[in-house]
A.B. asks: 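Encoded as structure tokens, here's the structure I'll be asking about.
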Protein chains: 2
Amino acid sequence: MTRLLDVAKAAGVSRSTASNVFNNPEMVRPKLRQRVEKAARELGYNGPDPKGRLLRDGKFNAIAVMPPSQWGVVDSLRNPVFDLFLLGVGEVCDEIGANLVLVPDKAGNHGIKTALVDGFILGRVEHLAEVEAAQLRRLPFAVVDFDPGPNISSVRTDVRAGCHTVAKHLIELGHRRFGIVSFLRSPGPARLHPAGQSRDLHAAGNPSDQEKLQGYTDALAEAGLDIDDVPMIQADPWDLDAARMLLDEAPEATAILSMSVMQGIAVIEEARRRGRSVPGDLSVVGYNDIPDAERSDPPLTTVDGMVAQKGRVAAQIVFGGGPPRHEILQPQLIMRASTGPAPRSLEVD
Amino acid sequence: MTRLLDVAKAAGVSRSTASNVFNNPEMVRPKLRQRVEKAARELGYNGPDPKGRLLRDGKFNAIAVMPPSQWGVVDSLRNPVFDLFLLGVGEVCDEIGANLVLVPDKAGNHGIKTALVDGFILGRVEHLAEVEAAQLRRLPFAVVDFDPGPNISSVRTDVRAGCHTVAKHLIELGHRRFGIVSFLRSPGPARLHPAGQSRDLHAAGNPSDQEKLQGYTDALAEAGLDIDDVPMIQADPWDLDAARMLLDEAPEATAILSMSVMQGIAVIEEARRRGRSVPGDLSVVGYNDIPDAERSDPPLTTVDGMVAQKGRVAAQIVFGGGPPRHEILQPQLIMRASTGPAPRSLEVD
DNA sequence: ATCGACGTTTGGATCGATGCAAATTATGTA
DNA sequence: TACATAATTTGCATCGATCCAAACGTCGAT
């Protein structure tokens with residue numbers, strides 16, 4: 001393969017001049033420039049190889065987004081919430097003209113150790129250990145939805161407050177009998193938690209889901225309700241059968257708290273299948289505001305978890321440099337048509 | 001910044017040995033290895049810098065996907081069809097453990113010239129000129145939805161056949177009065193083409209959309225219908241007002257041929273707003289099979305444009321090496337509930 | 001004690017380009 | 001023509017690591 005040096009030799013000039021022909025053409029006299037360009041053409045040389053340039057100035061002009069551990073590229077692209085996050089990162093990339101690299105990291109941090117990027121965003125992290133590999137790269141990075149301590153930048157949403165708000169919204173509408181769709185820690189068959197069974201935070205999936213449950217717990221407690229008395233199901237996010245199981249277990253519930261839009265919509269659909277009107281007989285809420293939430297029938301009341309904003313801020317932190325930052329975004333209640341006053345006949349007070 | 005050489009010096013060994021400690025640890029005697037590891041620790045050296053390694057062996061372990069020209073990262077991620085395409089590329093990336101890089105190329109091919117990748121996939125290309133910059137990189141690449149001649153790999157869908165099939169499907173259901181929602185070549189206000197107005201292929205947006213129109217034209221011709229007699233609107237893909245304008249213009253149509261799922265759904269919704277039942281009074285079809293098509297009410301009859309498959313094949317071509325390939329994928333009619341027999345009262349024959 | 005075989009370690013070559021200060025050449029003026 | 005000044009061009013140093021063939025050392029066997 002011909003390189004800059006070959007061209008320079010062929011044109012009878014130095015490497016530097018040849019380099020200038022490609023990078024600062026106005027610096028080279030037209031005559032000489034043409035000689036170099038001719039030589040390049042004849043040798044089939046098409047401008048400096050990015051590899052060499054990279055080595056020299058060390059800028060990749062790219063940012064890595066690492067999906068949650070165990071996820072591949074496909075898992076990331078299929079997940080609508082992660083898509084939203086990527087969108088936020090992408091906005092910043094477009095602004096500064098950087099590329100966005102999806103770097104899955106299935107085996108032994110290989111991805112993080114070798115990715116050709118200027119910085120990282122670590123999608124949902126669950127343990128400090130997962131952050132260590134990133135520190136070793138000594139590149140700027142930010143973690144999402146996790147508190148890694150004061151020395152590492154992070155962007156989080158106050159998930160607990162978000163869930164507190166939406167649960168309170170239902171309580172204010174008069175609801176007292178609830179059901180909860182939460183997540184499993186790891187893939188598996190759905191698990192039912194009947195009313196009256198004491199349960200700990202682990203009855204929700206990842207740390208972030210556990211915060212959601214805590215938000216629900218607090219709001220209920222403020223209304224004098226004990227979370228242990230609320231029927232709950234733990235299922236995989238894509239296990240849309242969970243809705244059926246929960247409604248079987250909690251036929252008297254007037255409001256269902258779910259932890260995602262897809263589960264929320266699944267509950268709406270299951271309710272309709274049973275002839276129960278939403279929100280007339282049953283109110284349903286989700287979490288996060290992906291486009292589907294608006295399009296469901298009725299449109300789903302949910303919490304805007306600021307996911308895209310989270311991506312934006314994370315990217316700004318990484319590209320911006322500076323000391324570690326810790327941003328906590330406040331979620332917003334998005335009131336739509338899937339929630340309404342508790343039905344009078346079932347109202348308990 | 002400390003580099004391998006510094007560690008080697010500090011440990012009193014050669015670069016090569018130090019390199020082996022990190023890359024082939026079993027080749028170095030434990031005693032020496034520990035000495036090197038200790039030196040590395042003390043100097044705060046955390047393994048070989050990917051930049052250097054890259055220069056040596058020239059593999060980036062990444063593939064670039066370039067969105068259609070003028071699109072940024074965000075435009076790509078927002079477009080559900082492009083998402084599907086990325087998903088296909090992502091599958092191959094996951095299989096071989098490569099990273100996926102989104103490389104928008106707004107200004108002067110800068111992206112294509114400098115992207116740090118082993119190969120490219122050029123998302124929808126419209127002119128040979130756009131391909132030249134890629135050729136200059138001398139990296140494997142494939143173009144999508146465009147025929148670049150025999151020396152360049154390409155993956156296309158037989159869009160025309162797909163549209164021919166779906167139009168024929170409607171004709172077989174007895175439909176004779178149509179309306180068409182097509183696209184504009186470049187963003188702007190919607191343009192109406194009343195029946196009877198002669199029109200050329202440019203009445204659809206990009207080359208691929210023009211093929212769609214050709215497919216419709218052919219199918220209609222086989223039924224003795226002239227495309228010039230079919231009311232048509234050209235609009236931006238996201239201009240959901242087009243449905244309203246078309247139904248105003250073609251109140252007597254019993255079937256609407258659209259060129260995307262979103263426009264198809266917009267027509268369904270507009271029809272419902274007018275109290276016309278789908279498919280009872282009006283049949284509607286879309287193009288491509290994104291998840292929304294299945295979720296609409298009624299689920300949209302459309303054409304599976306093999307978009308994800310296209311991404312897979314493109315990625316395989318790029319990673320696979322070998323001589324140029326030219327794949328043409330056959331689309332499939334996806335019959336759902338938005339199409340039905342033409343209403344008797346309006347049947348013309 | 002010497003030789004050979006085997007397993008480690010090393011030096012040198014290679015990958016490709018860019019920034020900067022110094023050197024050279026061109027230009028203009030006295 | 002000589003000299004000062006400006007415009008170009010050059011050489012050197014730098015970026016960081018890996019591969020390969022050759023050199024080296026160690027050990028056991030004779």
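Atom set for the values below is all heavy atoms of this structure, side chains included, hydrogens, waters and symmetry mates excluded. Values in this document were obtained by computation on a predicted structure and should not be read as measured data. First the proteins, then the strands, lettered A, B, ... as listed; each starts at 1.
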A.B. asks: Are any side-chain N or O atoms of R312(B) and backbone N or O atoms of G88(B), one a donor and one an acceptor, separated by less than 3.5 Å?
C.D. replies: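 Here the side-chain-to-backbone pair does not exist.
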
A.B. asks: For F82(B), is there any backbone N or O sitting under 3.5 Å from a side-chain donor or acceptor partner on N79(B)?
C.D. replies: yes

A.B. asks: Quick one: is dT9(C) close enough that its OP1 or OP2 comes under 4.0 Å of any side-chain N or O from S14(B)?
C.D. replies: no

A.B. asks: Taking P25(A)'s backbone N and O only, do any of them form a donor-acceptor pair with R33(A)'s side chain (distance below 3.5 Å, no angle check)?
C.D. replies: yes

A.B. asks: Just wondering, do R35(B) and K38(B) contact through their side chains at under 4.5 Å, heavy atoms?
C.D. replies: no

A.B. asks: May I have the distance from K59(A) (atom NZ) to dT18(C) (atom C1'), rounded to whole angstrom?
C.D. replies: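 The answer, rounded to whole Å, is 16 Å.
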
A.B. asks: Please enumerate all protein N or O atoms sitting under 3.5 Å from an N or O of nucleotides 18-23 of chain D, with distances to 0.1 Å.
C.D. replies:
from, atom 1, to, atom 2, distance (Å)
dT18(D), OP1, N23(B), ND2, 3.1
dT18(D), OP1, R53(B), NE, 3.1
dT18(D), OP1, R53(B), NH2, 3.0
dT18(D), OP2, S19(B), OG, 2.8
dT18(D), OP2, N23(B), ND2, 3.0
dT18(D), O2, R56(B), NE, 3.0
dT18(D), O4, R15(B), NE, 3.3
dC19(D), O4', R56(B), NH1, 3.1
dC19(D), N4, S16(B), OG, 3.1

A.B. asks: Would you check if the side chain of D118(A) reaches a backbone N or O of N61(A) as a donor-acceptor pair within less than 3.5 Å?
C.D. replies: yes

A.B. asks: For the pair made of CZ in R29(A) and C1' in dT27(C), what is the distance, rounded to whole Å?
C.D. replies: 12 Å

A.B. asks: Starting at atom CG of L32(B), determine the distance to atom C1' of dG25(D), rounded to an integer number of angstrom.
C.D. replies: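 After rounding, the reported distance stands at 13 Å.
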
A.B. asks: Nearest whole angstrom, please: distance from the P of dG16(D) to the CG of L116(A).
C.D. replies: 15 Å

A.B. asks: Specify the separation, in whole Å, of atom CG of L5(B) and atom C1' of dG12(C).
C.D. replies: 14 Å

A.B. asks: Using whole Å, report how far CG of L54(B) lies from C1' of dC15(D).
C.D. replies: 12 Å

A.B. asks: Name the closest nucleotide to the Y45(A) side chain, picking from dA17(C), dG16(D), dT9(D).
C.D. replies: dA17(C)

A.B. asks: E26(A) CD to dA6(D) C1': how many Å, rounded?
C.D. replies: 16 Å

A.B. asks: For K113(A), is there any backbone N or O sitting under 3.5 Å from a side-chain donor or acceptor partner on R137(A)?
C.D. replies: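 It does hold such a pair.
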
A.B. asks: For the pair made of CZ in R33(A) and C1' in dT9(D), what is the distance, rounded to whole Å?
C.D. replies: 15 Å

